[in-house]
A.B. asks: 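Below is one structure. I have some questions about it.
On a predicted model such as this, the values are computed, not experimentally measured, just so you know.
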Amino acid sequence: MPTGIIVKEGYPFIGITFLVALLVGYFVSVYVAIIPFILACFFTFFFRSPKRQIPEDPNVLVSPADGKVMDVSEVYEDTFLGTECKKVTIFLSVFDVHVNRAPMAGRITFRQYTCGGFLPAYKSSVGYENERHSIGIDNGRISILVTQIAGLLARRIVSWTDLDSNLEKGQLYGMIKFGSCTELFVPKNVTICVKKGDHVKGGETIVGRLNDE
């Protein structure tokens, strides 16, 4: 499980570009070394994992990712939930935090990785055509599905958990490298608290509230 303010997946990117900056600065030119140094700074920024204030209310669901809400809709989810549900689609630009967090506490009872293409993450068809990784979480009251979707630049979806893992609300469970999309599927008795155009923070922004029927 990742710890610290920079996730371990970023260390090779940061280390290599910083080393290149040092070597270029020493053997070539300090001015030319600015390019790899800026890249090292960008990778440090991209792989950040800031601390978040996780809401304690057991009836609320938090955002699984940082980014812009691109769509809130009702769909039929047939891979895990098998029913009509509500879907929140979040687009992550390269400037957003890219670690993913559990929207609620619970156990991972479903996991599926699907190979695919790398269309731009803001296109509506990415959830069906792009590389993606889905986990289903059950807490005894409800089940939800979270899907990480690779984008145009993304080439690897990272997971730090496995089937039957227990997650705390807001816990880090994975990330998508470089531009991506995250989809959250919840039962219809969950009231969605965000709308299209909102910017959300993973683990902190309340995206839904459970209404017992």
Side-chain angles (χ1 to χ4, degrees), residues 1-12 46-67 77-83 85-90 92 96-116 121 126-127 130-151 154-178 180-187 189-190 200-210:
M1 187 57 58
T3 58
I5 59 173
I6 303 295
V7 296
K8 63 181 181 180
E9 282 73 14
Y11 295 164
F46 180 85
F47 286 98
R48 69 198 186 280
S49 178
K51 291 184 178 181
R52 294 287 162 81
Q53 295 292 324
I54 313 299
E56 296 182 0
D57 187 345
N59 292 316
V60 303
L61 304 179
V62 296
S63 177
D66 284 41
E77 201 295 302
D78 59 359
T79 61
F80 173 61
L81 298 177
T83 186
C85 62
K86 297 176 181 178
K87 181 180 75 169
V88 178
T89 303
I90 302 168
L92 296 74
D96 287 310
V97 174
H98 267 60
V99 293
N100 293 119
R101 296 177 179 270
M104 70 178 190
R107 184 170 64 93
I108 298 177
T109 57
F110 172 83
R111 185 182 182 194
Q112 182 182 73
Y113 173 79
T114 306
C115 294
V126 297
N130 279 22
E131 175 188 353
R132 57 198 181 276
H133 173 249
S134 300
I135 61 170
I137 306 173
D138 181 85
N139 69 356
R141 296 177 65 191
I142 65 169
S143 294
I144 65 173
L145 182 73
V146 189
T147 301
Q148 301 165 289
I149 305 172
R155 287 297 182 271
R156 187 185 174 197
I157 296 175
V158 179
S159 177
W160 298 311
T161 58
D162 210 337
L163 195 64
D164 288 328
S165 296
N166 289 307
L167 299 175
E168 297 297 327
K169 181 162 57 177
Q171 179 179 330
L172 297 171
Y173 79 86
M175 75 173 298
I176 320 169
K177 294 181 179 178
F178 308 118
S180 53
C181 177
T182 300
E183 293 181 335
L184 172 64
F185 299 83
V186 301
N189 65 329
V190 172
V200 294
K201 290 186 176 181
E204 193 169 281
T205 302
I206 295 173
V207 296
R209 183 175 295 274
L210 178 61

A.B. asks: Measure the CG-NZ distance between Leu145 and Lys87 for me, rounded to the nearest 0.5 Å.
C.D. replies: 11.0 Å

A.B. asks: Mind checking the CD1-CG spacing from Ile142 to Asn189? Nearest 0.5 Å is all I need.
C.D. replies: 7.0 Å

A.B. asks: Under the side chain to side chain contact (heavy atoms under 4.5 Å, CB included) rule, what do Asp57 and Arg209 come out as? Steps first, then yes or no, please.
C.D. replies: CA-CA 9 Å; Asp57 187 345; Arg209 183 175 295 274; 3.1 Å; yes

A.B. asks: Does the side chain to side chain contact (heavy atoms under 4.5 Å, CB included) test come out yes or no for Asn59 and Arg141, once each step is laid out?
C.D. replies: CA-CA 10 Å; Asn59 292 316; Arg141 296 177 65 191; 2.9 Å; yes

A.B. asks: How far does CD of Gln148 sit from CG of Leu92, to the nearest 0.5 angstrom?
C.D. replies: 10.0 Å

A.B. asks: For Arg111 and His133, does a side-chain donor sit closer than 3.5 Å to a side-chain acceptor?
C.D. replies: yes

A.B. asks: Enter the distance from Ile5:CD1 to Phe47:CZ here, rounded to the nearest 0.5 Å.
C.D. replies: 14.5 Å

A.B. asks: Ignoring hydrogens and geometry beyond distance, is a side-chain donor-acceptor pair present between Ser63 and Thr205 at under 3.5 Å?
C.D. replies: no

A.B. asks: Between Thr79 and Gln112, is a side chain to side chain contact (heavy atoms under 4.5 Å, CB included) present by the stated rule, with each step listed?
C.D. replies: CA-CA 9 Å; Thr79 61; Gln112 182 182 73; 4.2 Å; yes

A.B. asks: How close do Val62 and Ala102 get, counting heavy atoms only, and between which atoms?
C.D. replies: CG2-O, 3.6 Å

A.B. asks: Looking at Ile54 and Gly203, what are the two nearest heavy atoms and their distance?
C.D. replies: CD1-O, 2.9 Å

A.B. asks: With side chains defined as the heavy atoms from C-beta onward, is the minimum distance between Leu184 and Thr182 less than 4.5 Å?
C.D. replies: no

A.B. asks: Please answer whether the main-chain N or O of Asp96 pairs with a side-chain N or O of Asp66 as donor and acceptor at a distance below 3.5 Å.
C.D. replies: no

A.B. asks: Quick one: does Arg101's side chain have a donor or acceptor within less than 3.5 Å of a partner on Gly170's backbone?
C.D. replies: yes

A.B. asks: Do Val60 and Pro55 have side-chain heavy atoms sitting under 4.5 Å apart?
C.D. replies: yes

A.B. asks: Are any non-hydrogen side-chain atoms of Ser49 and Leu172 less than 4.5 angstrom apart?
C.D. replies: yes

A.B. asks: Please report the closest heavy-atom contact between Met104 and Asn139, naming both atoms and the distance.
C.D. replies: SD-ND2, 3.6 Å

A.B. asks: Side chains of Glu9 and Trp160: any donor to acceptor distance under 3.5 Å?
C.D. replies: yes

A.B. asks: Nearest 0.5 Å, please: how far is CD in Glu183 from CD in Glu77?
C.D. replies: 9.5 Å

A.B. asks: Side-chain contact test, heavy atoms from C-beta onward, threshold under 4.5 Å: evaluate it for Ile108 versus Asp164 and give yes or no.
C.D. replies: no

A.B. asks: Could you check whether any side-chain heavy atom of Pro187 comes within less than 4.5 Å of a side-chain heavy atom of Ile144, counting everything from C-beta outward?
C.D. replies: yes

A.B. asks: Where do Pro12 and Lys8 come nearest, in terms of heavy atoms and distance?
C.D. replies: CD-O, 3.6 Å

A.B. asks: Does any part of the side chain of Ile206, heavy atoms only, come nearer than 4.5 Å to the side chain of Leu61, both counted from C-beta?
C.D. replies: no

A.B. asks: Any chance you could measure Tyr113, atom OH, to Glu131, atom CD, to the nearest 0.5 Å?
C.D. replies: 3.0 Å

A.B. asks: Determine whether Arg107 and Ile137 satisfy the following criterion, side chain to side chain contact (heavy atoms under 4.5 Å, CB included), listing intermediate values before the conclusion.
C.D. replies: CA-CA 5 Å; Arg107 184 170 64 93; Ile137 306 173; over 6 Å; no

A.B. asks: With the side chain counted from C-beta on, respond yes when Asn100 and Ile176 share a heavy-atom pair under 4.5 Å apart, and no when they do not.
C.D. replies: yes

A.B. asks: Indicate the atoms forming the closest heavy-atom contact of Val146 with Pro64, along with that distance.
C.D. replies: CG1-CB, 3.8 Å

A.B. asks: List the atom of Gly136, the atom of Phe80, and the distance in Å for their closest heavy-atom pair.
C.D. replies: CA-CE2, 3.6 Å

A.B. asks: Does Phe46 reach the side chain of His98, with side-chain heavy atoms less than 4.5 Å apart?
C.D. replies: yes

